[in-house]
Amino acid sequence: MWYVSFAVDTDDPEPFAQTGDVVGIDLGIKDFAVTSDGQRIANPRHLERKRRNLARYERRKARTCRGSANRKKAARKVAVAHGKVRRAREDFLHKTSTELVRRYDTIVVEDLNVSGMVRNRSLARHISGCGWGTFRTYLEYKTARWGKRIVVIDRWHPTSKLCSTCGHLLARLSLRTRHGTCPDCGTLHDRDTNAAKNILAEGLSASACGADVRRTGTSRTRSAVKQEVPRSDPGRASGGRT
Ligand SMILES: [Zn+2]
C-alpha cells in the first residue's frame with residue numbers, strides 16, 4: 001500500500017470561476033478601500049495596533065545613546081516590530097486582493113502614482129503604510145493568473161466631483177465632505193462609493209474602446225480614457241454592474 005501526497009502549491013491554484021461581476025475600487029486612508037457596490041474594506045485594527053507599537057519602539061530607540069547596549073537592544077525591538085507590521089500588512093493585502101479577484105471578473109482602480117504621492121510629506125506616512133502600490137501589484141498578478149482583468153484609469157479623472165448617476169460635475173468639493181446631494185439630479189451620494197462608481201464606469205468605457213488594459217498605466221489606456229468618454233453617458237446610471 002502506498003500513499004500519494006499532493007503538495008498544495010498556493011502559487012498555482014485552479015483558476016477562479018467567472019462571475020460576470022465587475023467592480024470599481026476607491027482606495028482611501030480612513031477605509032482602505034470602498035467598492036462601487038458600496039462595500040467598505042476597513043484597515044484592520046490589529047495592523048493599526050502593530051503600527052503604534054512600532055512607533056513606540058522607534059521613539060524609545062531615539063532616546064538611547066548611539067553605540068550603547070541599550071541602543072542595540074532597542075534597535076532589535078524596532079526590527080521585530082517592523083517585521084510584524086510588514087507581515088500583517090502583506091497578509092491583509094493578500095486576503096483582500098484574492099477575495100476581490102475571486103468575486104469579480106473585472107476590477108477597476110485609479111492610477112494613484114503612489115511614488116509621486118509619497119513624495120508629498122503630509123500624506124507619505126499614511127500612504128506608504130496603506131500599501132496601495134503593493135495592493136495593485138497583487139491585483140495585477142492575481143488577475144493575470146486567474147483569468148480575470150484589471151483596468152487602471154487615469155488618476156486625474158475627477159472621480160469624486162462627478163455625479164455617478166447623472167454626470168453632473170461639481171466645481172469644488174472639500175475633502176471633508178463625506179456625503180452630498182447632486183444639485184442636478186438630487187441623488188444622495190456617499191463620497192467614496194460615488195467615486196468608486198465613477199472609477200468603474202471610466203474603466204469600462206476605457207476597456208470597451210480597445211485600450212490595452214492589461215498593461216496597466218500605459219499611455220494607450222490614458223488616451224483612450226480621455227478621448228472616448230462622453231461625459232453625459234447615461235450608462236453611468238447603472239453603476240455597480242453591467
Ligand atoms: Zn446627479
Side-chain angles (χ1 to χ4, degrees), residues 19-43 96 100 103-114 116-117 120 123 126-127 130 132 135-136 139 148-211 213 216-217 220-242:
T19 59
D21 288 340
V22 296
V23 73
I25 297 173
D26 183 48
L27 293 170
I29 288 170
K30 193 174 152 283
D31 287 305
F32 175 75
V34 175
T35 67
S36 50
D37 36 26
Q39 193 200 347
R40 312 189 86 88
I41 303 167
N43 282 299
T96 307
L100 288 166
R103 277 176 53 186
Y104 302 100
D105 293 350
T106 298
I107 297 168
V108 187
V109 293
E110 266 185 304
D111 180 6
L112 290 161
N113 184 7
V114 174
M117 282 180 84
N120 171 347
L123 279 176
H126 273 303
I127 290 172
C130 288
W132 290 343
F135 184 63
R136 177 169 152 186
L139 284 177
K148 304 292 184 102
R149 196 170 62 139
I150 182 171
V151 182
V152 180
I153 64 158
D154 191 334
R155 73 196 166 102
W156 299 119
H157 188 69
T159 48
S160 296
K161 293 178 182 172
L162 198 65
C163 170
S164 60
T165 305
C166 74
H168 179 83
L169 184 63
L170 286 174
R172 271 205 314 259
L173 180 69
S174 152
L175 260 176
R176 278 165 300 174
T177 311
R178 307 312 306 172
H179 300 272
T181 305
C182 173
D184 208 354
C185 72
T187 307
L188 176 65
H189 289 297
D190 168 84
R191 180 201 181 94
D192 302 323
T193 309
N194 180 57
K197 283 180 179 170
N198 283 325
I199 288 168
L200 174 63
E202 199 62 35
L204 292 181
S205 16
S207 52
C209 58
V213 291
T216 51
R220 268 184 294 174
T221 309
R222 269 197 283 280
S223 63
V225 169
K226 273 179 182 149
Q227 289 158 15
E228 305 288 342
V229 180
R231 288 290 178 246
S232 56
D233 183 356
R236 285 187 180 288
S238 61
R241 289 179 170 205
T242 53

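All values below were derived from every heavy atom in this structure, side-chain atoms included, with hydrogens, water molecules and symmetry-related copies excluded. In listed order, ligands and their atoms are each counted from 1. In this text the structure is predicted, and so the values were computed from the model without any measurement.
Of all protein atoms, those that are N, O or S and lie under 2.8 Å from the Zn ion (ligand 1) total 4.
A donor-acceptor pair is defined here as one N or O able to donate and one able to accept, closer than 3.5 Å; such a pair exists between the side chain of Asn194 and the backbone of Ser164. For the pair Ser205 (side chain) and Ala201 (backbone), a donor-acceptor distance under 3.5 Å is present. One N or O on the side chain of Thr19 and one on the backbone of Arg103 form a donor-acceptor pair closer than 3.5 Å.
Residues meeting the side-chain hydrogen bond (donor to acceptor under 3.5 Å, both in side chains) test with Thr181, sequence neighbours left out: none. For Asp190, the salt bridge (charged side-chain N to carboxylate O under 4.0 Å, His left out) partners at least two apart in sequence or on another chain are Arg40. For Phe135, the ring pair (Phe, Tyr, Trp, His ring centres under 6.0 Å) partners at least two apart in sequence or on another chain are Phe32.
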